[in-house]
2 protein chains.
Amino acid sequence: MKEKIYVHVADDHKILIEGIIAVINTDKEIEIKGYSLTGQEVIDWFDNKENSADVLILDITMPVLDGFQVLKHFKKKKIDQKVIILSSYDDLKIVQEVLSLGCKGYISKNNAGEHIVNAIKAVAQGEQYFSTDIQSMLLKSLSGQMVPQGEMPDKFLLDSLTERELDVLKLITKEYSTIEMADLMNLSTNTVETYRKSLLKKLNVKNAVGLAMYAVKNKIV
Amino acid sequence: MKEKIYVHVADDHKILIEGIIAVINTDKEIEIKGYSLTGQEVIDWFDNKENSADVLILDITMPVLDGFQVLKHFKKKKIDQKVIILSSYDDLKIVQEVLSLGCKGYISKNNAGEHIVNAIKAVAQGEQYFSTDIQSMLLKSLSGQMVPQGEMPDKFLLDSLTERELDVLKLITKEYSTIEMADLMNLSTNTVETYRKSLLKKLNVKNAVGLAMYAVKNKIV
DNA sequence: TTTCTTCTCACTGTTTTCAGTGAGTTCCTT
DNA sequence: AAGGAACTCACTGAAAACAGTGAGAAGAAA
């Protein structure tokens, strides 16, 4: 028999906590050790030396200190608490934010039931866990298929660039010189210069730095 | 009984292909349909209308058109071929590059054996698949935990920059030339050049683009 | 067939950046 | 008072980027 995994749950809706407890109780390896209804309660609970949990299930939106602030508290105090975010918002920026705050898992409430047990076990073993919809979102964002809300990439200009121009643009952002690019692409330096100048003109910037910044803004790199 | 999954393998080392075939043959659901030793062969094979495969296992480094170019070919021809990259390079940039080129899976050769069958099945079903080491690398990069090998942690570098150097760095990202900066800051061009060179040295990059990219990565701009 | 785009390359010149070295000033700290 | 860091400037030479113009080849589209 394996060691038990102890879990603390935090969400401002008690009915949801009860649901989670019900799901978790179906698994003999996992045991609930208390719950909290606000971020403040979470912090207080863990501040008490007598309390501890292998994994903390944490909601983002809570009154009196939200999930972010709880994570920030752990980070500030250098407490290496394993946390799984249970969120209703499938927003890339939120996911990235909590990841950078050291959380180890993220599951959306939509399909929490099917994921929560596996997530707890994975995180307890030191792995990371993301529900399938979050995973696919993360991968899309990585492969540049995602459009961050608010700032639309300049589709117009972007589409006006040819394949070769894009190749050169990418290499420029990697600090390649014209000679190096020509070498790598098996082209004449004159040709690479042509693409470089064409990029400057099309994107209406005045130097290579402008090209690089454009590439960054438009998620080409 | 499920439908068979047909797979084509491409790698310039025949011994590796044989190994993969051996592993795959242990699973009755999957069947090999040909192999290629160069990127050109892959393209030719798929260009032949009589040939097809549910999944293509593709090496990156190959003579006569590498994996990148094969992916580009599919993209250009708007062929929605499911591809799993089998690479010896666990480099974030490469992973991102092939992801943006539409590949659906990425496993490193280190632990290909344990992953390849699952990868094929997952991708065949339309999912994405990444071996655990690649996954953790991707997640680290997302949460900003990635520390580029060899380099000093960026906090130190960033702190080592003086006020004036930061001023110049910011202006560089705005496409200012040395003369323009000198004018704006009421300094000699020589002075601005000094800061510029100091930045290049401290941040260990080779040109202004490198400086700009550093500034972006470290949210200076 | 003609037109258009893309890709390729060349030539000439100017401007800017990069590299190395040296040095005087102020201000802060020990 | 001495040392160090930051700020300032100068000079030289090489390398790279930028600017403008022109043009042939291949392929797709009208």
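Chain letters run A, B, ... following the sequence lines, proteins first and then strands; every chain starts at 1.
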Novice: Can you identify which nucleotide, out of D:dA17, C:dA10, C:dT16, has its nearest atom closest to the B:Ile179 side chain?
Specialist: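 Among D:dA17, C:dA10, C:dT16, the one nearest the side chain of B:Ile179 is C:dT16.
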Novice: Could you check how far CD of B:Glu180 sits from C1' of C:dT15, rounded to whole Å?
Specialist: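 B:Glu180 atom CD is separated from C:dT15 atom C1' by 12 Å.
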Novice: Return the value, rounded to whole Å, for the distance between atom CG of B:Leu166 and atom C1' of D:dC7.
Specialist: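 After rounding, the gap between these two atoms is 14 Å.
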Novice: Considering only D:dA10, C:dT8, D:dT8, which nucleotide approaches the side chain of A:Leu187 most closely?
Specialist: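 Closest of the options to the side chain of A:Leu187: C:dT8.
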Novice: Could a donor-acceptor pair under 3.5 angstrom be found where the side chain of B:Thr194 meets the base of D:dC9?
Specialist: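 Such a pair exists between side chain and base.
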Novice: Check the distance between C:dT5's P and A:Leu161's CG and give it to me in whole angstrom.
Specialist: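 That distance rounds to 15 Å.
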Novice: Return the value, rounded to whole Å, for the distance between atom CE of B:Met185 and atom C1' of D:dC9.
Specialist: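 Computing the B:Met185:CE to D:dC9:C1' distance gives 14 Å.
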Novice: Please evaluate the base of D:dC7 for a donor-acceptor partner in the side chain of B:Thr162 within a cut-off of under 3.5 Å?
Specialist: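 Side chain to base: no pair below 3.5 Å.
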Novice: For C:dT17, does OP1 or OP2 lie under 4.0 Å from any side-chain N or O of B:Thr178?
Specialist: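 Looking at the OP1 and OP2 atoms of C:dT17, one of them is under 4.0 Å from a side-chain N or O of B:Thr178.
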Novice: Closest nucleotide of DNA chain D for A:Glu193 versus for B:Thr191: which of these residues is on the 5' side?
Specialist: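 This one resolves to B:Thr191.
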Novice: Tell me the interatomic distance from B:Lys197, atom NZ, to D:dA10, atom P, rounded to whole angstroms.
Specialist: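 B:Lys197 atom NZ is separated from D:dA10 atom P by 12 Å.
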Novice: Is the distance from OP1 or OP2 of D:dC9 to the nearest side-chain N or O of B:Thr189 less than 4.0 Å?
Specialist: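 B:Thr189 to D:dC9 OP1/OP2: no side-chain N or O under 4.0 Å.
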Novice: Figure out the CG/P separation between B:Asn190 and C:dT17, and round it to whole Å.
Specialist: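 B:Asn190 atom CG is separated from C:dT17 atom P by 13 Å.
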Novice: So, is A:Tyr195 near the phosphate of C:dT8, with a side-chain N or O under 4.0 Å from OP1 or OP2?
Specialist: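 Checking C:dT8 against A:Tyr195, a side-chain N or O does come within under 4.0 Å of OP1 or OP2.
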Novice: Choosing from D:dA10, C:dA10, D:dC18, which nucleotide comes nearest the side chain of A:Ser188?
Specialist: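 So the nucleotide nearest the side chain must be C:dA10.
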Novice: Rounded to whole Å, how long is the line connecting atom CG of A:Leu199 with atom C1' of D:dC18?
Specialist: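 Rounding to the nearest Å, CG of A:Leu199 and C1' of D:dC18 are 13 Å apart.
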Novice: Between A:Arg196 and D:dC18, is there a side-chain N or O to OP1/OP2 distance below 4.0 Å?
Specialist: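 So the side chain of A:Arg196 is within the cut-off, an N or O lying under 4.0 Å from OP1 or OP2 of D:dC18.
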Novice: Where the side chain of B:Arg164 is defined as all heavy atoms beyond and including C-beta, which of C:dA19, D:dC7, D:dA17 is the nearest nucleotide?
Specialist: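 My answer, after comparing the listed nucleotides, is D:dC7.
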Novice: May I ask you to check whether B:His73 and B:Phe46 place their ring centers less than 6.0 Å from one another?
Specialist: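 No, the ring centres sit 6.0 Å or more apart.
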Novice: Find the distance between CG (A:Asp167) and CE (A:Met181) and round it off to the nearest 0.5 Å.
Specialist: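 The CG atom of A:Asp167 sits 11.0 Å away from the CE atom of A:Met181.
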Novice: Are there more than 12 heavy atoms of other residues, nucleotides or ligands under 6.0 Å from atom OH of B:Tyr35?
Specialist: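 Atom OH in B:Tyr35 is not packed in, count stays at 12 or less.
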Novice: D:dC18 C1' sits how many Å from A:Lys202 NZ, rounded?
Specialist: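 That distance rounds to 18 Å.
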Novice: Give the C-alpha distance, both sets of side-chain angles, the deciding distance and a yes or no for side chain to side chain donor-acceptor pair (under 3.5 Å) between B:Ser87 and B:Tyr106.
Specialist: CA-CA 7 Å; B:Ser87 170; B:Tyr106 195 109; 3.1 Å; yes
Novice: For a 4.5 angstrom cut-off between non-hydrogen side-chain atoms, does B:Leu71 reach B:Leu58?
Specialist: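 Sidechains of B:Leu58 and B:Leu71: in contact.
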